[in-house]
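Convention: sequence-line order gives letters A, B, ...; per-chain numbering from 1. Side-chain atoms are counted along with the backbone in the values below, which use heavy atoms only and exclude waters and symmetry mates.
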Amino acid sequence: MKRRDFFKASMPILLPTLVNGISLKALAETPFLRLAARGAGEDRVLVLIQLSGGNDGLNTVIPLEYYDAYHNARANIAIPAEKVLRLEGFDGTGLHPAMPELQQLFNAGKLTILQGVSYPQPNFSHFRATDIWLTGADAGQILSTGWAGRYLDQQYPHFPQDYPNAGMPDPLAIQVGSLVSPALQGPSLTMGMAISNPNSFYDLIGDKAGTPDNSRAGDQLSYIREMSVKTDQYAGVIKKAAQKVTKQSDQYPAPGKNPLADQLKIVARLVAGGLRTQIYLVSMGGFDTHAKQTDGADTTTGNHARLLARLSEAIHIFQDDLAFLQVEQRVMGMTFSEFGRRIQSNASGGTDHGAAAPVFVFGEGVRPGIIGQNPVFPDHLTVNDNVAMQTDFRTIYNTILEKWFQTDAREAAAVLLKDYPVLPLVGGGV
Amino acid sequence: MFGARKEDIDHFLRKSPKKAVRELLRDDYPIPAPPVNNYNDDKYTDPEIAAGADWTVSLKYDGMNNGRRRNSFKSWWFGLMVGQDRSLREKMVLFWHNHFVTESNTVDNAMFCYRYNVLLRQHALGNFKALVRAVTAEPAMLRYLNGYASTKKAPDENYGRELQELFTVGKGPDSHYTESDVKAAARVLTGYTLNYKTFTASYDPNRHDPGDKQFSAFYDNHVIRGLKGKEAEGEVDQLIGMIFSREEVSKFICRKLYRFFVYHSIDEVTEQQVIVPLAKLFRRKDYEIRPVLEELLTSRHFFDPANLGGMIKPPVDLTVGLCREFHVPFPAASEYLDQYGFWEQLRNQAAGMQQNIGDPPNVAGWQAYYQSPEYDKLWISSDTLPRRNQFSDRMINNGFARNGKKIGIDVVAFAASLPHPEDADKLIGDSVQALYAVPLPPEELQFIKTSILLSGLVGMSSDHYWTSAWQACQNNPDDKANRTLITNKLKNLYRHLLDLPEYQLL
């Protein structure tokens, strides 16, 4: 049930009385009503998949259209043309052979590829570029808040003082697999909660993992941990949501085999369990492939291939699980990385820090296809040449805010600190 | 000590454990300067004591200055803990405060409170028997447990009871003093009064019960013969001598020291192997405190890895310790208003975590130091644990502000004080070692490095991204973007380390 419907249904009962002892007049100013007025976007979920290290876009989405130039630029790591996975309706573009699941997803109309995503004057430092992506800043701008944090602060004013409440009993955002990201940083504190690793999630919901530590310090620590679960105001709702889901897709690999899949499994469980949390962040690392990006003998294998295979597998199983749990329509996912890599490969069989790269957006709600063109290769390629920007990453954020979360344009511009265009990214069918 | 600074640790690491402990047990440090008038406000200006001047020279007390001075006293005391020498003295002052409890609310006189605190400091590492004798005739205690109002006509049993039950023989399995012993002790103790002109105690033989006092079999049916006149107060010495003839006194105190310094639970093995020999030493040394602490703190048992991190930090250890570990700079004595103001803010933080110095909850002290079976776990509740985390978060984020001044943790300075801040592994490892009593598992260290310092970058070669960012920050401090980045990462690092339960362990 959508929250607006929930509100409509409960309104006649609430109106003449009090809600938790607060008169309706007071309630009128609370986020509860604000939320209720927001409409269909509010039960929609965005899952951000951060690929840390700077993913090599040219070996992820391969420009078959310019295959010779591509091959010349990076002969030592180029994927053989015949191995590239084809995309229906787009002969000039294909996917790395390690990602058959994403090929299927694309052909099934549930994956959109955005080409050449970056921002003007791209930064080549991991840390700075990551901050730019997470805060939504211009290259020369230092922001102390995250883009998602600003969105949540706008939609759920007076956090955390007035939360949890009847309108929003659940965490505003959840990050699985690491500490709370700068993306979720609000004006004064973070708007999200972190489930720092999958084990701590299973601890939280009472599925104890690992062996108890019987030492004196261990005993004190487990007491403090227990108490900290009790004091986490969201522990209860998370546990309840998790317990509602007793069965998930059987395709997930064994825990630890694919950490991204482990994280997404938790996300699927919480979404299906009924959390109203709108934004989830998950991540995987290892994309900083300066050397030995591919195995020498077979460029379709090696480190980068393994990473892409995990990404592809994890997204596929996640989608499968969402369908199994009947929440597929509510969830949209997006991958991003702080930058792409250089057009030319280096002599150590890898690629150095670059600029623009493709972004994947997936789910039932996408308008499928490819947005943008294959990257163009300069005639006289030098080691410093980069993939050019076609799409500012913030137009993707803007499109998600306006078309997926159905925030009005003015509010989206306030979140992103500027007016960005809307891309044909979100389908009309959802 | 309450939290060790890095240079304290380095200092002691250069010495053998024995030498280090001996130095910690020195008490020839000067007696600190007394508290000053920081309390003039828009409703009151002390007509006698100038702003910034020592108020303990004043013998004038009224409804306006008393509460203000008490407040000043408590903040001053907090300041002594923050600014302590490399000595166990301040820690022992807190130990004795929790042992010989007085509550400033009940004592209700700033001068008594101050003098009592000075007494505890004087005897902190001295002789326990002498301390008991001194406490017995100390105005704050006479006031707190009504000794000043106890006369031969109406002996008040309060001090006579607690002297035995809480201060000396205790309630251990071998303590069998009786109700009649309480009554007899109360009669011995009659005669004290308080002089509110000089704020001293005096002894008035006319108020003293001159009859003989018969004690129970626990005290071998000892009789204290009634004394009169100038001799009368000598009964108190006899009483204390009689009590101290019971071995249980030494065991009781050794158990309490053990619980304060090592671990809350004392099993039969510990009793036999640690407490009994320690108590024997205590008696042999005629109740000198230092040899017992030296023996305990240099024992193999104390250094047994199994005992590391076995205790939950009391709130004072957490708040004072954090300030010391991170070199949180307080204003100098010349800026006493802000200095006391900040001490007060932090003292209130500890009070919010349920340890309000100067005012334990009752005569038995803070429950967490004695209440079986939970003991120190009582410090951690669904109310106090978030307060602890909010406190450390706040010290890292914005700190505490007052009159445009600020105190807080300078994360960059702390990192820079470590031997290798440019090395991500060493930065985290050294921080953990400096801040925790227990190690963190390797996968946790790895997780912290990847998710905080390296923004998710993994792999052998990723560490240099931190190294170059740190070095760039050192070489080019004007690069605001990089400095912000380093500062934020370090803030995240230390917030995380201080929020982990490991930081709550002692």
Side-chain angles (χ1 to χ4, degrees), chain A residues 50-54 123 125-132 134 137 139-144 175 177-182 185 188-190 194 196-197 199 213-233 283-291 303 337-338, chain B residues 262-265 305-312 374 376-377 380-386 388-389 393 397-398 436-439 443-444 447-448 450-459 461-462 465-466 468-469 472 480-482 484-486 488-489 492 495-496 499-502 504-506:
Chain A
Q50 183 177 353
L51 311 177
S52 296
N123 193 295
S125 144
H126 286 293
F127 298 158
R128 179 66 194 136
T130 303
D131 274 3
I132 288 170
L134 299 179
Q141 183 185 24
I142 299 168
L143 293 177
S144 57
Q175 172 146 25
S178 63
L179 296 166
V180 174
S181 161
Q185 181 64 40
S188 58
L189 35 89
T190 177
S196 57
N197 64 59
N199 276 345
D213 178 352
N214 291 321
S215 71
R216 289 178 169 184
D219 164 63
Q220 302 281 29
L221 288 174
S222 54
Y223 172 75
I224 299 170
R225 285 193 194 109
E226 214 174 280
M227 195 55 75
S228 101
V229 167
K230 273 188 196 152
T231 58
D232 187 325
Q233 52 188 349
S283 60
M284 66 185 287
F287 288 90
D288 193 21
T289 50
H290 286 279
N303 287 328
S337 196
E338 65 264 40
Chain B
V262 186
Y263 191 60
H264 62 261
S265 164
N307 286 328
L308 292 181
M311 290 193 295
I312 291 172
E374 299 96 337
D376 46 355
K377 287 190 174 69
I380 301 286
S381 72
S382 57
D383 174 56
T384 56
L385 182 59
R388 285 173 178 239
N389 293 336
D393 285 356
N397 293 341
N398 299 315
Y436 291 174
V438 288
E443 61 271 20
E444 185 78 33
F447 169 74
I448 291 171
T450 306
S451 79
I452 300 179
L453 287 188
L454 299 182
S455 299
L457 297 173
V458 293
S461 57
S462 301
Y465 292 117
W466 166 259
S468 42
K480 187 163 176 274
N482 190 47
T484 306
L485 196 146
I486 291 283
N488 285 342
K489 281 189 189 304
N492 283 333
R495 243 192 332 258
H496 181 68
D499 280 346
L500 282 182
E502 279 80 357
Q504 306 304 330
L505 300 188
L506 200 56

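Using a cutoff of 4.0 Å between basic side-chain nitrogens and carboxylate oxygens, E502(B) and R225(A) are scored as salt-bridged. A salt bridge is absent between R388(B) and D393(B); no separation between the charged side-chain nitrogens and carboxylate oxygens falls under 4.0 Å.
Atoms CG and NE2, on L457(B) and H126(A) in that order, are 4.5 Å from each other to the nearest 0.5 Å. The OG atom of S382(B) sits 8.0 Å away from atom NZ of K230(A), with the distance rounded to the nearest 0.5 Å.
With a 4.5 angstrom heavy-atom cutoff, N389(B) does not touch chain A via any of its atoms. Of the two parts of I452(B), only the side chain, counted from C-beta on, holds a non-hydrogen atom closer than 4.5 Å to a non-hydrogen atom of chain A. Using a 4.5 Å cut-off between heavy atoms, K480(B) contacts chain A through both its backbone and its side chain. Contact annotation for L453(B): only backbone heavy atoms (N, CA, C, O) come within less than 4.5 Å of a heavy atom of chain A. Looking at S283(A), neither its backbone nor its side chain comes within 4.5 Å of chain B, counting heavy atoms on both sides. At a 4.5 Å heavy-atom cutoff, Q141(A) makes no contact with chain B through either its backbone or its side chain. Neither the backbone nor the side chain of I448(B) comes within contact range of chain A; no heavy atom of the residue lies under 4.5 Å from a heavy atom of that chain. When heavy atoms are compared at a cutoff of 4.5 Å, L385(B) approaches chain A solely by way of its side chain, counted from C-beta outward. Using a 4.5 Å cut-off between heavy atoms, A469(B) touches chain A through its side chain atoms alone. Using a 4.5 Å cut-off between heavy atoms, Y465(B) contacts chain A through both its backbone and its side chain. With a 4.5 Å cut-off on non-hydrogen atoms, S381(B) touches chain A through its backbone but not through its side chain.
For the set N492(B), L500(B), D376(B), the count of heavy-atom pairs under 4.5 angstrom toward chain A peaks at D376(B). With chain A as partner, the option from N488(B), L454(B), N397(B) having the largest number of non-hydrogen pairs under 4.5 angstrom is L454(B). Most heavy-atom pairs under 4.5 Å with chain B: of the set A291(A), G140(A), A217(A), this distinction falls to A217(A). Note on H264(B), M311(B), Q504(B), K377(B): by heavy-atom pairs under 4.5 Å with chain A, the leading option is K377(B). No other option in L221(A), D288(A), T130(A) has as many heavy-atom pairs under 4.5 Å with chain B as L221(A).
Contact record, G177(A) with F447(B): O-CE1, 3.6 Å, taken as the closest heavy-atom pair.
Side-chain atoms of E338(A) do not come within 3.5 Å of backbone N or O of A129(A) as any donor-acceptor pair.
Annotation: side chain of H496(B) is not in contact with side chain of S451(B) (no heavy-atom distance under 4.5 Å). Contact annotation: the side chain of L505(B) approaches that of I224(A) to within less than 4.5 Å [non-hydrogen atoms, C-beta and beyond].
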Begin with the C-alpha distance, continue with both residues' side-chain angles, and end with the deciding distance and a verdict on side-chain hydrogen bond (donor to acceptor under 3.5 Å, both in side chains) for N482(B) and R128(A).
CA-CA 8 Å; N482(B) 190 47; R128(A) 179 66 194 136; over 6 Å; no
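Checked against side-chain hydrogen bond (donor to acceptor under 3.5 Å, both in side chains), S215(A) has the following partners two or more places apart in sequence or in another chain: D213(A).
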